[in-house]
Amino acid sequence: MKTIETNKVANQFVFTGKIASISSFGGGHINDTFLVETDSNIRYILQKINKNVFRQPLHVIHNIEKLLNHFANIDQNTLITFPNVTGEKFVEDSNQDFWRLYNFVEGTQSYDVIQNKSQAYEAARAFGSFQLSTLGLDADDFYETIPNFHHLGKRFEKFDVVLENDPKSRIKLAENEIQFALDHRKIAIITSEFIATGQLPVRVTHNDTKLNNALLHYQTGKGVCVIDLDTVMPGLVMYDYGDMVRSFTSPVPEDEKDISKVHLRKEIFEELTKGYLSVLSNVLTKTEKENLLLGAKYMTLIMGLRFLTDYIEGDVYYKTKYEDHNLVRAKNQFALLASLEGQEDELQKIILANI
Ligand code: ADP
Ligand code: GN1
Ligand code: MG
């Protein structure tokens, strides 16, 4: 594969000024992200879409343009994409990789760990506002950019196959985590039966509402916008709520090695629930609201399972920095799920007090 020059790619987009520098940016697990600085002082985010994860990059581009055009029509222009010299919103390089250029949302910051209650409220309010703004969209107009992305049953099927093959002989190093996952398989069964009843509306959802995909104002702390729109596609609100609970409530990063530090902070859970429902309580159905906690269990389990599957398979999906990085991540998710399960009644009361 050729080494692609980011400068050459960036220069095929239409933007203001001349490139001063391009550097790697952010801590996402999926795409290659670069900060582009220019002599005009306007900054940009250049991203290469991970084609191992998004097999149809043009579907991702389609969805994002559909979404951002709709946002522009309702006067929400915080995040925009730029065209290339022939007017398309992407550049394809000689390795058949697809790139896009966003504005850098100035004056904002993203976090890996929530430091105070207000951040939880604001980041959740940003994801709630996002959901509110997508209500005018038709889910049928969006491609599924990763098929069965949040299908827990199918994730377990994949897990079974990987366990059977054990390609890196890692099963023996993850026996407790494998047992934890298998003991929780019933969540997949119960939820899939419930989803099949059609009681939860399919909406255009974000599907990756991880804390560092929300940008907060660096001085006021107010939620400014949400980013990482590659997984915006048909989905359930309980997935988005659940992934916030998963990624906001632990006091340590999702790859903390000292697992004894991992637990669900009830006060952070309460603030995120308040922030999200402050925007959405009038538009979600009763069934959606009553099943938010199921979403939290479901998403924490599915992420633990995905990290564990990737560990056993040999780290083929997530970017990793050391040998058992994915196993550490899986342990974190499972510890968080156990903590959630220990507080379930109190958490459900918090939700019911805010709907
Ligand atoms: P990934 O899919 O790999 O997670 P993201 O789209 O989330 O990629 O980008 C990675 C990080 O880059 C984000 O967590 C955020 O810190 C930063 N980032 C991405 N887009 C923007 C933007 N438009 N403005 C400011 N920061 C951004
Ligand atoms: C990935 O792209 P990023 O880092 O925001 C992943 C999410 C996981 C998350 C776990 C497309 O999110 O599903 O929840 O890592 N995104 C994709 O940290 O797989
Ligand atoms: Mg991200």
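If you're wondering where the values come from, they're calculated on a predicted model, not measured in any experiment. Reckoned from all heavy atoms, side chains included, excluding hydrogens, waters and symmetry mates. Order of listing sets the numbers, starting from 1, for every ligand and every atom in it.
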Looking at Y121 and E270, would you say the former's side chain and the latter's main chain have a donor-acceptor pair under 3.5 Å? no

Side chain to side chain, T205 and F130, heavy atoms closer than 4.5 Å: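 No, every pair of side-chain atoms sits at 4.5 Å or beyond.
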
Regarding ligand 1, does T108 bring an N or O atom to under 3.5 Å of one of the ligand's N or O atoms?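 N/O-N/O distance below 3.5 Å does not exist for this pair.
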
Got an N/O contact under 3.5 Å between I30 and ligand 1?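 By distance alone, the answer is yes.
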
Location of contacts on [X] toward ligand 1, heavy atoms closer than 4.0 Å:
X: D208; answer: neither
X: I227; answer: side chain
X: T33; answer: side chain

Ionic contact status for D230 with R100, cut-off 4.0 Å: yes

Sidechain N-carboxylate O distance under 4.0 Å for K168, E313: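 Looking at E313 together with K168, the answer is no, because their closest N to O distance does not fall below 4.0 Å.
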
For ligand 2, which atoms, with element, lie under 4.0 Å from some heavy atom of [X]?
X: M303; result: 8 (C), 13 (O), 14 (O)
X: R306; result: 13 (O), 17 (C), 19 (O)
X: G28; result: 4 (O)

Below 2.8 Å, can you find an N, O or S atom of D208 next to the Mg ion (ligand 3)? no

With respect to the Mg ion (ligand 3), please indicate if N31 possesses an N, O or S atom at a distance under 2.8 Å.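 No, outside the cut-off.
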
Pick from Y318, Y317, F307: the one approaching atom 11 (C) of ligand 2 most closely through a non-hydrogen atom: Y317

Do R329 and N326 get their side chains close enough for a donor-acceptor pair, meaning under 3.5 Å?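 Their side chains do contain a donor-acceptor pair, which is all the 3.5 Å distance test asks for.
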
If you count the atoms of ligand 1 from 1 in the order shown, which ones are under 4.0 Å from a heavy atom of N213? 7 (O)

For the Mg ion (ligand 3): the N/O/S atom of D228 at shortest distance: OD2

ring-ring contact (aromatic ring centres under 6.0 Å, His included) between F34 and F25, intermediate numbers included: CA-CA 5 Å; F34 301 90; F25 194 78; over 10 Å; no

